[in-house]
Amino acid sequence: MPFLVLSNVSKSFGPPEARTEVLRDVSLTVEKGEFVAIVGYSGAGKTTLLNMVSGLLRPDSGSVTLNDLEITGPGPDRGVVFQNYSLLPWMTVAENIALAVDQLFPNWSASKRAQHVDHHIAMVNLSHARDRRPSELSGGMRQRVSVARALAMEPQILLLDEPLGALDALTRATLQDEISRICLESGKTVLLITNDPDEGILMADRIIPLSAGPGAILGPAIAVDLARPRDRKALNHDPRFKSLRSQIVSWLLGPGGRPAVSVSRKLVLPDIEPEDLDQPRPMIGGRRAPRRRSEERRETVELPS
Amino acid sequence: MNKLRRIQWDALLMPMVGVVLSLLAWQLVSGRVVQKVQPDGTMEEVKSGLVQDLPGPIQTWEKTSKYIVEPFAKREELDQGILRFTWYSLVIVAKGYAIALLLGTPLGFLLGLSKNFSKMFDPIIQVLRPVSPLAWMPLGVVIFANSGRSANELAALFTIAVCAMWPTVLNTAVGVRAIPQDYLNIARVLKLSRTKTLFKIMIPATLPYMFTGYRLSLGIAWLVIVAVEMLTGRIGIGNFLWNEYNNGLYTSIVLCILTIGLVGFLLDRAMSLLERRFKSAI
Ligand SMILES: Nc1ncnc2c1ncn2[C@@H]1O[C@H](COP(=O)(O)OP(=O)(O)O)[C@@H](O)[C@H]1O
Ligand SMILES: [Mg+2]
């Protein structure tokens with residue numbers, strides 16, 4: 001029996017006269033214990049999709065069910081790691097997590113709750129920072145707190161919204177491994193939103209591309225049949241990794257993933273091009289090199305759909 | 001080392017230079033009394049100077065030092081040390097200010113939380129806000145006229161509270177509207193009760209804005225007290241100033257102005273320190 005089911009979900013924003021459709025007829029099923037990644041353009045509607053699972057948004061049409069129960073609002077059975085950390089800045093790491101734990105497990109003894117908090121702080125390797133405030137933490141540390149808080153809620157499903165999007169590449173790599181490990185150990189069902197195909201391949205069991213909006217649709221699911229734990233150094237040379245990536249990227253860049261658009265971009269020349277000495281010397285005011293950056297060109301390419 | 005000396009120079013010496021220059025300018029423009037020998041041989045006192053009736057700094061010190069060197073003395077009801085007068089004023093300001101905060105903070109929250117409430121009452125607030133304390137005061141006196149001996153005090157508190165609460169109301173409302181949606185989403189995901197959401201998330205998130213309002217409100221409360229005391233005759237620094245004016249003792253007016261300014265400055269500093277504490281906590 002499928003665990004999480006989105007069927008024919010559509011969502012639009014804006015007043016009736018100027019409505020933009022963000023998601024069109026999106027269907028998705030996730031099995032229990034599965035790690036699914038949704039990869040898509042920014043602004044495509046990934047957060048919107050996730051928010052309909054978390055219950056923060058309701059679909060205009062279609063339904064979202066978890067365990068056969070319609071999702072009508074947010075709840076602690078779905079632990080969310082928000083795109084921008086969303087830690088409360090006036091609380092320490094421990095207090096942020098305790099806010100969730102105290103709220104969700106009021107029947108536990110105080111010491112059991114405190115232990116639960118500390119356990120999850122240790123799980124993300126932040127015991128040394130338990131009494132620090134978010135402003136004293138690096139981006140990567142904040143995101144780990146955010147993951148710890150979501151897991152401490154003991155949710156049925158973990159929803160990760162571009163959890164590593166704002167981090168530098170090295171921190172991101174470390175955290176990808178760390179979060180994969182933690183999720184795997186906890187056996188949780190995970191829905192990961194990302195704009196990085198590699199991240200999806202490294203972390204997920206199944207990847208579903210989301211086309212560019214407006215009116216984004218989900219592409220064909222791509223199973224990632226790579227053994228865990230996945231070693232990013234080895235994967236770099238793995239032909240299966242390359243083929244997976246090219247499947248995802250080609251769908252996203254292909255006609256399904258991107259409606260006909262014209263891309264307009266600025267072409268910036270190097271500040272000064274070397275002078276071409278073969279050319280004859282110009283008259284005063286002649287148009288010969290060196291060229292300057294002010295001579296930018298703009299070109300518009302119509303992409304075939 | 002060099003830099004440190006520079007900072008000390010800037011932070012201490014420059015303001016002092018400014019004070020000295022101001023005193024000099026004050027002395028220059030203020031009036032003097034000079035003895036002049038008349039043609040018939042008698043001596044006569046003649047006023048001179050740019051602003052003849054403005055007492056100069058030296059004259060001010062000579063005439064008012066008794067209020068300053070014994071700041072807490074109480075010789076007679078209307079002849080007390082300057083800080084004693086100030087203290088009376090501060091007490092009443094504290095009470096009125098407390099009322100302003102107790103009314104203003106919840107009102108600000110309501111405005112920030114409810115669009116409809118805000119639509120209903122924002123225009124009224126905008127109309128009441130610019131009304132001068134001098135206009136509120138008579139109304140306060142009328143309202144509390146039948147309250148016996150405390151009528152004066154109640155009228156004063158009414159005026160202070162009603163004038164000082166607006167910055168608190170408006171800043172709190174802005175702060176509530178500025179609470180990031182993410183914080184509220186956390187509350188929704190955790191299913192925090194309304195009270196818990198208010199105390200665990202909304203109030204802490206609004207605190208920096210609230211304190212900005214509190215600071216501005218305190219400044220206004222201190223401005224209002226002088227007007228209030230002039231009109232009600234409550235003993236205090238504003239009342240002292242008014243009496244001395246009526247008695248033609250202009251040096252005391254200058255003393256009062258300086259004291260009021262200094263106290264206002266210190267209050268503002270204190271609030272700004274508190275404010276910074278709360279802002280850095282966030
Ligand atoms: N509350 C909202 N009101 C209006 N438009 C919205 C709202 N939320 C998102 N959108 C629009 O929907 C589109 C998708 O947004 P989002 O789901 O945040 O994209 P992503 O997370 O993929 O970057 C964007 O164009 C955004 O402007
Ligand atoms: Mg997003």
Side-chain angles (χ1 to χ4, degrees), chain A residues 47-48 50-58 71-92 95-106 131-136 142-143 145-146 149-162 166, chain B residues 101 105-106 108-109 112-116 118-119 168 171-215 271-282:
Chain A
T47 301
T48 307
L50 193 93
N51 278 346
M52 284 189 293
V53 180
S54 69
L56 292 168
L57 287 177
R58 303 273 293 124
I71 290 174
T72 53
D77 53 337
R78 284 146 285 147
V80 193
V81 173
F82 294 97
Q83 190 163 5
N84 30 20
Y85 316 137
S86 296
L87 300 173
L88 300 176
W90 55 88
M91 292 185 179
T92 63
E95 284 166 349
N96 263 290
I97 298 175
L99 176 71
V101 174
D102 294 347
Q103 170 69 15
L104 300 179
F105 309 107
D131 294 317
R132 286 201 228 156
R133 289 180 202 281
S135 57
E136 299 164 296
R142 287 181 210 183
Q143 200 52 289
V145 178
S146 197
R149 177 177 61 187
L151 282 171
M153 291 161 61
E154 303 208 323
Q156 299 192 41
I157 183 169
L158 199 58
L159 307 174
L160 309 173
D161 188 3
E162 297 193 43
Chain B
L101 299 197
T105 313
F109 257 89
L113 285 175
S114 159
K115 279 216 174 70
N116 284 330
S118 172
K119 278 184 200 145
T168 296
N171 278 282
T172 306
V174 169
V176 170
R177 291 192 196 112
I179 298 174
Q181 186 59 42
D182 292 317
Y183 298 174
L184 300 175
N185 283 346
I186 295 170
R188 288 178 66 195
V189 167
L190 293 177
K191 291 203 165 154
L192 295 183
S193 64
R194 276 165 177 270
T195 351
K196 264 198 172 166
T197 307
L198 181 67
F199 283 101
K200 295 255 176 185
I201 294 187
M202 298 183 113
I203 291 181
T206 316
L207 222 49
Y209 289 85
M210 274 165 30
F211 262 86
T212 305
Y214 290 175
R215 184 177 170 189
M271 277 312 276
S272 118
L273 285 180
L274 256 181
E275 195 183 350
R276 204 172 314 156
R277 239 194 78 102
F278 275 94
K279 282 202 173 142
S280 64
I282 286 197

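- Formation of a donor-acceptor pair under 3.5 Å by the A:N96 side chain with backbone atoms of A:M91 is found in this model.
- Only the side chain of A:R149 comes within less than 4.5 Å of a heavy atom in chain B; its backbone stays farther off.
- Only the side chain of A:N84 comes within contact range of chain B, judged by heavy atoms closer than 4.5 Å.
- Residues A:I157 and A:D77 form no side-chain contact, since every pair of their non-hydrogen atoms from C-beta on lies 4.5 Å or further apart.
- Only the side chain of A:L104 comes within contact range of chain B, with at least one heavy atom under 4.5 Å from a heavy atom of that chain.
- In this structure a side-chain-to-backbone donor-acceptor pair under 3.5 Å is missing from A:R78 to A:L159.
- Atoms CZ and CD1, on A:F82 and B:I186 in that order, are 6.0 Å from each other to the nearest 0.5 Å.
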